[in-house]
Amino acid sequence: MLELKSLLKIKSAIRASYAKNKVATVIHSGDDDNGSILLKIRRRDSKACLMAKSLSNDGSYSWSLLSGCKNEWQEEDTVNEKIHKELRIDPDLWVLELESENLWNPLELS
C-alpha cells in the first residue's frame, strides 16, 4: 500500500481541524516524507493526551494513546516530557498539537 507523505498528512489534519473549528498547531516539524507523527490533544484545563500510530497485534497500524490507558488525560507537563523524550530518540518526528475537549483525531483516516 502506498503511504501518504508526512507533510501532506499534517497539512490535511490542520485543514480538517479548522473545518471543525479546532486549533491545530505544528509544535515540531519532522521529515517531510517519512517522519512519524505524534498527536498531542490539549484541553482548556491544561490536561492533555498523546497519541501515536503503532503496529497492532494483527499486523495493521492504528492510533492509540501512548499512556496505554483509554481516555486517560494527564497533566500537560507530563505529556510534554514524553514528547521531548521521543524527540531525543527520533528528531525526524512530527508533533501536531490539537486543542479539543475530546479525543478527536484528524489523522485517523490517513
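Distance CD/Glu99 to NZ/Lys40: 9.5 Å, rounded to 0.5 Å. The line from CG of Leu65 to CG of Leu50 is 8.5 Å long, rounded to the nearest 0.5 Å. Interatomic distance, Tyr61 OH to Lys53 NZ, rounded to the nearest 0.5 Å: 9.0 Å. Taking OG1 of Thr78 as the reference point, atom NZ of Lys82 lies at 7.5 Å (rounded to 0.5 Å).
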>> Apply side-chain contact (heavy atoms from CB on, under 4.5 Å) to residues Trp73 and Val79 and explain how you reach the verdict.
In response: CA-CA 9 Å; Trp73 294 89; Val79 171; over 6 Å; no

>> Evaluate Ile14 against Val26 for side-chain contact (heavy atoms from CB on, under 4.5 Å), listing each step before the verdict.
In response: CA-CA 9 Å; Ile14 291 170; Val26 174; 3.9 Å; yes

> Step by step, would you call Ser36 with Trp94 a side-chain contact (heavy atoms from CB on, under 4.5 Å)?
Replying inline: CA-CA 6 Å; Ser36 296; Trp94 285 88; over 6 Å; no

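Under the 4.5 Å side-chain heavy-atom criterion for Ile, Leu, Val, Met, Phe, Trp and Tyr, Ile37 and Trp104 are members of the same hydrophobic cluster.
For the salt bridge (Lys or Arg N to Asp or Glu O under 4.0 Å) criterion with Arg42, the lone passing option out of Glu75, Glu101, Glu76 is Glu76. Applying the side-chain contact (heavy atoms from CB on, under 4.5 Å) test between Leu96 and each of Leu39, Ile27, Thr25, Ile41 identifies Leu39 as the sole match.
Other residues, nucleotides and ligands contribute at most 12 non-hydrogen atoms within 6.0 Å of the CG atom of Asn57. The environment of Arg43 atom CZ is dense: over 12 non-hydrogen atoms of other residues, nucleotides or ligands sit within 6.0 angstrom.
Of the possible donor and acceptor atoms, none in the side chain of Ser12 sits under 3.5 Å from a partner among the backbone N and O of Leu8.
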